[in-house]
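Heads up, the thing below is written out as C-alpha cells.
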Amino acid sequence: KKTKVKRQNIMNKKPVMHCLSMSLIIWLSASPIRAATNLVKNPGFEESAGKSEKWTITGPVATMQPSVTIDSKVKFGELYSLKMESSNPNVHGKAVQTVGIIAGQTYLFSARFRAMNIGSIDKSVLIRVKWFKGKEQLGYNYIYHITDDKDGWLLASNRIKAVHGASTAEISLVFRWSTGTLWWDDISMEPCAEVPPRDVKVGTMHFRPPGPTVEKNISMMSEMLDKAGKAGCDIVCLPEGWPTCDTGLGMEKVEANTLEGTASVMMSKKAKEYGMYIVSGLYSWKGDTLKNVAVLYDRQGRMQGTYEK
C-alpha cells in the first residue's frame with residue numbers, strides 16, 4: 001500500500017515538472033535577454049586617429065585648456081586613448097559629451113584614466129555627470145570611487161541615479177590645476193539595477209569637553225564614542241578642536257594638535273572596535289603651518305581622508 005502511494009506521488013510530479021520545463025522554454029524564447037547598452041558614443045576614442053569624434057574639447061578659458069590629442073601608444077583598450085597634456089599649473093579643460101537618458105533610471109558609470117606627473121589626482125582629475133531638462137540643469141553627480149588599478153590605469157566607477165525630470169546627461173572628463181599628462185579610455189554609462197536603500201544610524205555630539213587637561217578630554221570623548229558604538233551608530237560626527245578645549249592650549253603646537261597624536265589614535269581605535277565611521281575636527285600642525293582639519297576614520301580605523309583649511 002505504501003509502495004502504491006509512493007508511485008502515485010512520483011507519477012503526479014512528472015507532468016508538473018514537464019509543464020514547468022515547457023513553460024520555462026516558452027518564457028525564455030519569448031523574453032530575449034537584454035544586453036547592457038553603453039550610452040557613450042566613441043567610448044574608447046577609436047573612431048579617428050586624429051580627432052576626438054563625438055567629444056567636445058572645451059574649458060572656462062581657451063588659453064588655459066590642455067593640449068588634447070588621440071594617442072596610439074599609451075592606451076588601455078584597443079587602438080587609441082584621449083591624451084590631455086599641459087605645462088600650465090592653472091590648466092582647466094575637459095572633454096564633454098551629452099547623452100540621452102531616462103529620468104529615475106540608475107546607471108553604472110565607469111572610466112579608465114592614467115595620470116603622469118600630476119600633483120594630486122583628487123584635485124586635478126574630475127569626472128562629473130550633470131542632469132538636464134532641456135537647458136535647465138537639475139543636478140549632478142561625481143564619479144569618485146577608484147575600484148581597480150591595472151598597469152597604472154585606474155578605474156573610476158559609481159552607480160548614479162538620473163534626476164527625476166531629466167532627459168539628458170552631460171559627461172565631463174576634466175583635467176585642472178596641475179601640470180602633467182592625463183589619458184582617458186573606455187568610458188561607459190550603462191543602465192543597471194538600482195542600489196537598494198539601507199538604514200544608516202548617524203550620531204552627532206553637542207559636547208564641549210571641560211578640560212582641564214588633554215588627557216581628561218580624550219578620556220571623556222572616548223566614553224562618548226563607546227556610547228555611540230554600543231548604540232549601533234554607523235557614523236559619528238564630533239566637534240571641532242575638542243582635544244585642547246578648555247585646557248589653555250587652544251591651537252598651540254602640541255602633540256594633541258597633530259594627526260598622529262593621542263586623540264587621533266584613540267578615534268582610530270574606536271572606529272575599528274565598533275566598525276563605525278568617525279568624523280572629527282582637529283587642529284594639525286605641519287612644520288610652521290596650522291591647519292583646521294576634518295578627518296574621516298573608516299570602519300577599520302584607517303584615516304580615509306582629510307579636508308583642510
Side-chain angles (χ1 to χ4, degrees), residues 32-48 51-60 65-66 68-71 74-84 92-115 121-176 182-197:
I33 298 173
R34 295 181 180 179
T37 302
N38 187 1
L39 303 182
V40 179
K41 307 301 181 184
N42 193 18
F45 309 98
E46 311 290 351
E47 291 191 8
S48 172
K51 186 179 178 182
S52 54
E53 298 286 351
K54 306 295 191 306
W55 294 89
T56 301
I57 309 302
T58 184
Q65 293 179 27
V68 179
T69 56
I70 300 297
D71 196 337
V74 179
K75 56 187 186 275
F76 182 82
E78 298 178 11
L79 298 176
Y80 306 115
S81 67
L82 185 72
K83 179 181 180 182
M84 296 179 170
H92 199 153
K94 56 186 178 180
V96 179
Q97 182 179 142
T98 299
V99 300
I101 55 91
I102 299 173
Q105 171 68 51
T106 300
Y107 295 91
L108 176 62
F109 189 101
S110 63
R112 287 280 180 179
F113 68 91
R114 183 185 182 100
I121 289 177
D122 293 333
K123 294 180 180 179
S124 298
V125 181
L126 177 71
I127 305 172
R128 181 175 53 225
V129 179
K130 293 182 179 179
W131 309 105
F132 284 88
K133 178 182 180 182
K135 294 183 178 181
E136 181 187 2
Q137 182 183 326
L138 301 180
Y140 59 87
N141 288 90
Y142 291 109
I143 310 301
Y144 53 86
H145 279 154
I146 303 300
T147 59
D148 186 42
D149 180 352
K150 188 172 182 180
D151 300 326
W153 284 90
L154 302 181
L155 178 64
S157 180
N158 278 93
R159 289 192 192 190
I160 54 177
K161 188 172 183 177
V163 175
H164 286 286
S167 57
T168 61
E170 180 189 273
I171 300 165
S172 294
L173 312 176
V174 184
F175 179 26
R176 62 182 186 178
L182 177 64
W183 291 268
W184 298 97
D185 208 345
D186 285 4
I187 317 302
S188 176
M189 184 171 173
E190 301 180 346
C192 68
E194 186 173 358
V195 178

Checklist entry - Are Trp183 and Asp71 linked by a side-chain donor-acceptor pair shorter than 3.5 Å? => result yes
Checklist outcome for this item: So OG of Ser172 and OH of Tyr142: to nearest 0.5 Å the spacing works out to 9.5 Å
Item to check | For Ala156 against Ile127, the heavy-atom pair lying closest together | outcome: CB-CD1, 3.8 Å
Item to check | Derivation of the side chain to side chain contact (heavy atoms under 4.5 Å, CB included) call for Trp131 and Asn141 | outcome: CA-CA 8 Å; Trp131 309 105; Asn141 288 90; 2.7 Å; yes
Checklist entry - If you look at every heavy atom in Asn38 and Pro43, which pair is closest and at what distance? => result ND2-CB, 3.6 Å
Checklist entry - Would you find a donor on one side and an acceptor on the other, under 3.5 Å apart, between the side chain of Ser81 and the backbone of Asp185? => result no
Checklist outcome for this item: Scanning both residues in full, the closest heavy-atom pair of Ser167 with Lys133 reads OG-CA, 4.1 Å
Next on the checklist: For the CG atom of Leu108 and the CD1 atom of Ile143, what is their distance to the nearest 0.5 Å?
Outcome noted: 9.0 Å
Checklist outcome for this item: For Thr106 and Ala193, the nearest pair of non-hydrogen atoms, with its separation, is CG2-O, 3.7 Å
Checklist entry - When rounded to the nearest 0.5 angstrom, what distance separates OG1 in Thr168 from CG in Leu39? => result 11.5 Å
Next on the checklist: For His92 versus Pro66, what's the shortest heavy-atom pair and its separation?
Outcome noted: C-CD, 4.2 Å
Next on the checklist: To check you understand the geometry: which heavy-atom pair defines the closest contact between Thr37 and Pro191, and what is its length?
Outcome noted: O-CD, 3.3 Å
Item to check | Phe175/Val68 under side chain to side chain contact (heavy atoms under 4.5 Å, CB included): CA gap, chis, key distance, verdict | outcome: CA-CA 11 Å; Phe175 179 26; Val68 179; over 6 Å; no
Item to check | Distance in Å, Cys192 SG paired with Ile160 CD1, rounded so as to fall on 0.5 Å steps | outcome: 9.0 Å
Next on the checklist: With a 3.5 Å distance limit and no angle check, can you tell me whether Tyr107 reaches the backbone of Ile102 through a side-chain donor-acceptor pair?
Outcome noted: yes
Next on the checklist: Measuring from atom CZ of Phe113 to atom CG of Leu155, what distance do you get when rounded to the nearest 0.5 angstrom?
Outcome noted: 9.0 Å
Checklist entry - Should the pair Arg112-Asp148 be classified as a salt bridge under the 4.0 Å nitrogen-to-oxygen rule? => result yes
Checklist entry - Tell me, do Leu82 and Ile187 make a side-chain contact under 4.5 Å, heavy atoms counted? => result no
Checklist outcome for this item: One should read off an interatomic distance between Lys41 NZ and Thr98 OG1, to the nearest 0.5 angstrom, of 13.0 Å
Item to check | Step-by-step side chain to side chain contact (heavy atoms under 4.5 Å, CB included) determination, Ile70 to Ser52 | outcome: CA-CA 7 Å; Ile70 300 297; Ser52 54; 4.2 Å; yes
Checklist entry - Of the options Ile171, Val174, Ile57, Thr58, which is the one that meets Val96 in a side-chain contact (heavy atoms from CB on, under 4.5 Å)? => result Thr58
Checklist entry - Hey, which of Phe76, Trp55, Trp184, Tyr80 is the one that makes ring pair (Phe, Tyr, Trp, His ring centres under 6.0 Å) with Phe45? => result Trp55
Checklist entry - Is there a side-chain contact between Phe132 and Ile101 (heavy atoms, below 4.5 Å)? => result no
Checklist entry - side chain to side chain contact (heavy atoms under 4.5 Å, CB included) between Gln97 and Val40: does it pass, once the steps are laid out? => result CA-CA 8 Å; Gln97 182 179 142; Val40 179; 3.8 Å; yes
Next on the checklist: Closer than 3.5 angstrom, by distance alone: can the side chain of Asn42 be matched with the main-chain N or O of Glu47 as a donor-acceptor pair?
Outcome noted: yes
Checklist entry - Is a donor on one side and an acceptor on the other found under 3.5 Å between the side chain of Ser124 and the backbone of Arg176? => result yes
Next on the checklist: For the CD atom on Glu78, are there more than 12 heavy atoms of other groups (residues, nucleotides or ligands in this structure) within a distance under 6.0 Å?
Outcome noted: no
